[in-house]
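Below is one structure, written out as structure tokens; comments come after it.
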Amino acid sequence: MDESAHPPPVEHLAELVDAGAYDDAIACLERFETAPTEERKAALGTLRRFEADESAVGPLLPTLSPFFTDEERSVRLKTAKLFVAVSERDPDAVVSILPVLTDRLADPDEFYYVRARAAEALGNVALEHADEVASPAVVAELQIGLSFDEPEVKEKLAKALADIALSDPDRLDHRVPNLAEHLGDDDELVRYYLCTALAAVGCAAPEALAEEADALAARLGDENDYVRGRAAEAVGLLARADGGDSLSPETTSRLREGCDNETAFVRGRARFALDAMDGRERPSEGSIEVGALDGLRATTDEAVEEITSPDGDGVCPSCGLSLPDFGPPMCPRCGSPY
């Protein structure tokens with residue numbers, strides 16, 4: 001019997017990766033491609049052990065591409081989650097598999113959780129490599145999906161668009177009307193990410209926001225503080241460019257109400273917008289400059305954490321979704337166990 005036709009134990013794969021023997025690890029992975037489903041999943045699970053090590057799994061990503069088109073949905077999803085984990089810590093390593101990620105994103109027949117993870121990984125890479133990710137085709141795919149995708153996918157699409165804007169806002173300045181069209185989405189994370197994307201565009205080209213001043217102003221009354229604050233920041237950037245000529249008296253009134261808000265995030269950005277209308281210097285929050293790209297990047301993760309933090313029992317600890325009373329112990333939105 002030819003033993004080379006059979007995959008080695010997953011422990012052997014772990015030993016090779018741990019030792020940095022990547023040529024042998026790649027050969028080992030290639031043998032798992034034709035293994036039974038549970039063994040393919042076990043191999044991917046073994047690689048997840050190394051995701052905290054920024055350099056451990058990166059060299060193996062091109063070899064994992066066939067797993068991302070595997071006939072078994074569960075294998076594709078495990079691969080997608082691994083790609084996301086690597087993209088969070090080592091986005092440079094993921095550049096080599098961008099075509100695979102964009103293909104999954106663009107496949108309308110793909111399981112929506114897989115598409116969501118592909119979008120998330122693309123966004124993580126875009127923060128450092130917008131020029132590699134943000135082709136017109138990819139941006140269009142992200143933007144179009146906001147109209148019809150599942151809520152779980154739309155969140156990741158909106159995040160990827162925000163990531164692109166935070167890296168290179170010029171990539172989206174001609175997409176402002178398309179993004180503003182979805183500022184009233186039912187999902188508060190979608191609204192937050194899109195307000196952030198528009199604020200980022202406003203940092204580089206505030207005049208691009210002028211035609212959507214009303215849509216941004218409407219978010220000043222949003223039920224979520226972070227959406228309100230980011231909308232105020234975008235409005236302030238526009239006001240700094242045109243002196244507030246594009247803003248209505250109602251917008252000014254909402255901004256003044258924002259200054260009385262109990263959260264510093266809203267107060268500081270409402271004051272930024274009012275000061276912009278009056279021609280005063282922009283304020284800062286300690287070392288964070290309001291209305292600046294670096295400030296947007298520095299505050300986004302914390303804002304998302306606050307938006308998704310659970311308010312109590314019965315919600316997912318990862319994404320904040322209200323959990324069903326029955327079914328498997330896995331969040332139906334993000335797939336996290338509970």
Side-chain angles (χ1 to χ4, degrees), residues 58 61-69 76 79-150 152-183 185 189-190 193-205 207-209 211-212 293 296-297 300:
L61 294 191
T63 310
L64 289 170
S65 295
F67 291 80
F68 206 30
T69 55
R76 299 197 304 277
T79 308
K81 290 179 177 179
L82 180 60
F83 288 168
V84 170
V86 176
S87 70
E88 290 173 344
R89 296 172 174 82
D90 187 13
D92 293 353
V94 184
V95 172
S96 64
I97 60 165
L98 288 178
V100 181
L101 290 168
T102 55
D103 285 348
R104 289 299 87 210
L105 174 68
D107 185 352
D109 297 323
E110 180 56 271
F111 180 46
Y112 62 93
Y113 280 134
V114 175
R115 295 186 65 248
R117 296 298 186 180
E120 185 175 11
L122 286 168
N124 290 338
V125 178
L127 278 170
E128 303 299 330
H129 301 282
D131 55 333
E132 300 281 353
V133 174
S135 67
V138 170
V139 171
E141 192 68 42
L142 294 169
Q143 172 249 306
I144 291 170
L146 293 173
S147 297
F148 60 84
D149 263 311
E150 298 282 348
E152 297 84 354
V153 183
K154 288 197 292 184
E155 287 182 4
K156 303 303 185 184
L157 299 177
K159 178 184 183 299
L161 288 164
D163 287 338
I164 290 171
L166 290 170
S167 178
D168 185 358
D170 292 337
R171 300 275 176 171
L172 297 184
D173 58 4
H174 61 298
R175 299 275 181 177
V176 167
N178 305 107
L179 302 183
E181 180 182 349
H182 302 283
L183 286 177
D185 192 273
L189 264 183
V190 171
Y193 281 130
L194 294 181
C195 282
T196 298
L198 292 172
V201 170
C203 289
E207 66 281 356
L209 304 180
E211 292 187 6
E212 303 304 328
L293 207 56
L296 291 173
R297 292 187 66 161
T300 285

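- Counting all heavy atoms, side chain and backbone alike, L296 lies closest to C203 at CD1-SG, 3.8 Å.
- Here the shortest heavy-atom pairing between P99 and S96 reads CD-O, 4.2 Å.
- The closest side-chain heavy-atom distance from E88 to E120 is below 4.5 Å.
- The ring pair (Phe, Tyr, Trp, His ring centres under 6.0 Å) contacts involving residues 83-105 comprise F68-F83, where partners must be two or more places apart or lie in separate chains.
- Residues H182 and S147 come closest through the heavy atom pair CE1-OG, 3.3 Å.
- Residues L142 and A119 share a closest heavy-atom pair of CD2-CB, 4.3 Å.
- Taking D173 as the reference, nothing meets the salt bridge (Lys or Arg N to Asp or Glu O under 4.0 Å) condition, with sequence neighbours excluded.
- A distance of 15.0 Å separates OH in Y193 from CG in L179, rounded to the nearest 0.5 Å.
- In this structure D92 satisfies the side chain to side chain donor-acceptor pair (under 3.5 Å) test together with H129, sequence neighbours excluded.
- Distance check: L101 CG to L122 CG gives 5.0 Å after rounding to the nearest 0.5 Å.
- Between the CG atom in N178 and the CD1 atom in I144 there is a gap of 8.5 Å [rounded to 0.5 Å].
- Every pair passing salt bridge (charged side-chain N to carboxylate O under 4.0 Å, His left out) that includes a residue from residues 122-148 is listed here, sequence neighbours excluded: E128-R297.
- Checked against side chain to side chain donor-acceptor pair (under 3.5 Å), N124 has the following partners two or more places apart in sequence or in another chain: S87, K159.
- Other residues, nucleotides and ligands contribute over 12 non-hydrogen atoms within 6.0 Å of the CD atom of E207.
- Listed by first and then second residue, the side-chain hydrogen bond (donor to acceptor under 3.5 Å, both in side chains) pairs involving residues 97-109 are R104-D107, R104-E110 (not counting sequence neighbours).
- Scanning for side-chain contact (heavy atoms from CB on, under 4.5 Å) contacts around A165 gives L172, A197, A200, with sequence neighbours left out.
- The side chain to side chain donor-acceptor pair (under 3.5 Å) search around D168 returns R171, not counting sequence neighbours.
- The shortest side-chain heavy-atom distance between L183 and L198 falls under the 4.5 Å cut-off.
- By the side chain to side chain donor-acceptor pair (under 3.5 Å) test, K154 pairs with D185, sequence neighbours left out.
- In this structure S135 satisfies the side-chain contact (heavy atoms from CB on, under 4.5 Å) test together with A137, V138, sequence neighbours excluded.
- With sequence neighbours excluded, the residues that form a side-chain contact (heavy atoms from CB on, under 4.5 Å) with E212 are V176, P177, A180, A215.
- With rounding to the nearest 0.5 angstrom, the CG atom of L161 is 11.5 Å from the OG1 atom of T196.
- The closest side-chain heavy-atom distance from L157 to L105 is below 4.5 Å.
- With sequence neighbours left out, E150 forms a side-chain contact (heavy atoms from CB on, under 4.5 Å) with Y112, E152, V153.
- Put simply, the side chain of L127 does not reach to within 4.5 Å of the side chain of P91, judged on heavy atoms.
- Taking each heavy atom of S65 and V100 in turn, the nearest pair found is OG-CG2, 3.5 Å.
- A distance of 10.0 Å separates CG of L194 from CD of Q143, quoted to the nearest 0.5 Å.
- Not a single donor-acceptor pair under 3.5 Å links the side chain of S167 to the backbone N or O of I164.
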